[in-house]
Amino acid sequence: MRMQTLPDVQAPARTLSPKWNIATEGLSAAQRQTILDRMKAVSFDPKEILFDQGEPSDTLLLVTEGRVRLFQTLENGEQFTFGICLPGTILGLAATVTGQGRILSAEALESATASIMTRTDFLHCLAEIPPFHWNITRLLAILSIESIERSGPMVLDRASVRLGTVLKSLARPEPGDTSQQCLLVVDLTQQELARMIGVSRSWVAIALSEFERLGLISKSRGKIVIRNAKRLDGFIAEERNH
């Protein structure tokens with residue numbers, strides 16, 4: 001088993017915030033190592049599914065490298081993107097605690113790794129490390145509040161807002177741009193983008209052309225450039241207020 005250093009990261013806006021720092025807050029080095037010893041490192045290729053909705057929740061995943069998309073597939077086959085996860089994000093916590101089936105699926109957006117802990121080992125750590133148990137209790141409460149705060153805007157957001165938000169979530173700083181205002185989205189098809197937003201591919205094509213006309217992005221085959229991140233933020237805010 002390949003051991004890893006547990007991540008300690010900060011999340012930019014519009015992504016799911018890493019929560020591992022909360023889970024391990026106040027733990028001694030020995031207690032952290034006890035938890036780490038019960039984790040197994042697993043690698044995932046781009047587009048690979050980490051888990052599917054409906055599967056038994058018998059493992060907890062801690063994203064350590066790469067970004068992961070959480071999504072739900074509706075009965076009609078449409079997909080709804082719940083969020084983009086960064087290193088430090090814990091996946092499947094509530095379902096692992098309750099023992100219920102997974103309600104979301106997870107897909108690697110790029111090459112990714114995760115540290116996986118079985119439900120049995122997780123429950124053992126809760127029993128053996130009281131501060132960890134308290135941290136997980138706090139974390140579940142935080143996640144519950146965040147879910148309530150996020151559910152309203154997600155339902156009410158217009159498709160154009162969802163498009164802008166997803167593009168920001170997927171973007172990386174362009175090499176050489178020290179201001180980090182010019183961002184790149186690469187290796188993403190319009191069909192994949194349509195599935196994330198819950199619209200048709202033809203709508204995405206028209207919307208991207210409109211974004212380009214407004215000077216928000218430029219696009220070429222396999223690449224979308226966000227010309228100015230602050231300007232895109234302003235567009236999203238204005239669209240939400242309409």
Report the distance from atom CD of Q31 to atom SG of C125, rounding to the nearest 0.5 Å. 10.5 Å

Determine whether I22 and L126 fall in the same hydrophobic cluster, where Ile, Leu, Val, Met, Phe, Trp and Tyr are linked whenever their side-chain heavy atoms lie under 4.5 Å apart. yes

Selection residues 122-133 - residue pairs positive for side-chain hydrogen bond (donor to acceptor under 3.5 Å, both in side chains), sequence neighbours left out: R38-H124

Enclosure of L214 CG (heavy-atom neighbours >12, cutoff 6.0 Å): yes

Any residue meeting side chain to side chain contact (heavy atoms under 4.5 Å, CB included) with V97, in chain and number order, not counting sequence neighbours: L93, F122, L140

Please examine the side chains of V186 and R172, heavy atoms only from C-beta on, and report whether any two atoms are closer than 4.5 Å. no

CA sep, side-chain torsions, deciding dist, call: L139, N135, side-chain contact (heavy atoms from CB on, under 4.5 Å): CA-CA 6 Å; L139 183 50; N135 288 345; over 6 Å; no

Closest approach of R32 to L27 (non-hydrogen atoms, all atoms of both residues): NE-O, 3.6 Å

Would a hydrophobic clustering, with Ile, Leu, Val, Met, Phe, Trp and Tyr connected at side-chain separations under 4.5 Å, put L232 with L188? yes

Going through the checks in order, is the side-chain contact (heavy atoms from CB on, under 4.5 Å) test met by S57 and R119? CA-CA 8 Å; S57 300; R119 186 170 189 266; over 6 Å; no

Measure across S169 and R67 and return the closest heavy-atom pair with its distance rounded to 0.1 Å. O-NH1, 3.2 Å

Are L143 and I90 connected, step by step, through hydrophobic side chains (Ile, Leu, Val, Met, Phe, Trp, Tyr) whose heavy atoms are closer than 4.5 Å? yes

Any pair with a residue in residues 90-103 that passes side-chain hydrogen bond (donor to acceptor under 3.5 Å, both in side chains), sequence neighbours left out, goes on the list, sorted by first then second residue, please. T59-R102

Gap separating the CG atom of L170 from the CD1 atom of I84, nearest 0.5 angstrom: 5.0 Å

Can you see which heavy atom on A95 is nearest to which on G101, and at what distance? CB-O, 4.3 Å

Side chains of S200 and S202: any donor to acceptor distance under 3.5 Å? yes

Is the closest side-chain heavy-atom distance between I35 and M117 below 4.5 Å? yes

Do T89 and V68 have side chains that approach each other closer than 4.5 Å (heavy atoms only, starting at C-beta)? no

Step through the shown structure and confirm whether more than 12 heavy atoms of other residues, nucleotides or ligands are within 6.0 Å of NZ on K47. yes

Heavy-atom pair of closest approach, residues A159 and V199: CB-CG1, 4.0 Å

By ring-ring contact (aromatic ring centres under 6.0 Å, His included), F51 pairs with (sequence neighbours left out) none

Would L184 end up clustered with L167 when hydrophobic side chains under 4.5 Å apart are linked, directly or stepwise? no

With a 4.5 Å cut-off on side-chain heavy atoms, are D121 and K40 touching? no

Give, for atom CD of E192 and atom CD of E107, the distance between the pair rounded to the nearest 0.5 Å. 7.0 Å

4.5 Å side-chain heavy-atom contact, V185 and I217: no

Report the C-alpha separation of I103 and Q53 in whole Å, then their side-chain angles, then the decisive distance to 0.1 Å, and conclude whether the side-chain contact (heavy atoms from CB on, under 4.5 Å) test is met. CA-CA 5 Å; I103 61 173; Q53 67 187 73; 5.8 Å; no

Value for CG (L208) from CD1 (I224), rounded to nearest 0.5 Å, stands at 5.0 Å

Might you point out which heavy atoms bring A106 and L70 nearest each other, and give the distance in Å? CB-CD2, 3.8 Å

When you measure from the side chain of E65 to the backbone N and O of S111, does any donor-acceptor pair fall under 3.5 Å? no

Just checking, is any N or O donor in the side chain of E25 or N21 under 3.5 Å from an acceptor N or O on the other one? no

Name all residues meeting the ring-ring contact (aromatic ring centres under 6.0 Å, His included) criterion together with F211; count only those two or more places apart in sequence or in a different chain, and write none if there are none. F235

Per the salt bridge (Lys or Arg N to Asp or Glu O under 4.0 Å) rule, what does the pair list look like for residues 196-217, sequence neighbours excluded? E210-R213, E212-K219

Side-chain (R162) to main-chain (I197) donor-acceptor, under 3.5 angstrom: yes

With rounding to the nearest 0.5 angstrom, report the OG1 to CG distance, T64 to L86. 12.5 Å

Please tell me whether L109 and F71 are part of a single hydrophobic cluster in this structure, the criterion being side-chain heavy atoms less than 4.5 Å apart. no

Reported OG1-to-CZ distance for the pair T113 and F44, which is rounded to 0.5 angstrom: 9.0 Å

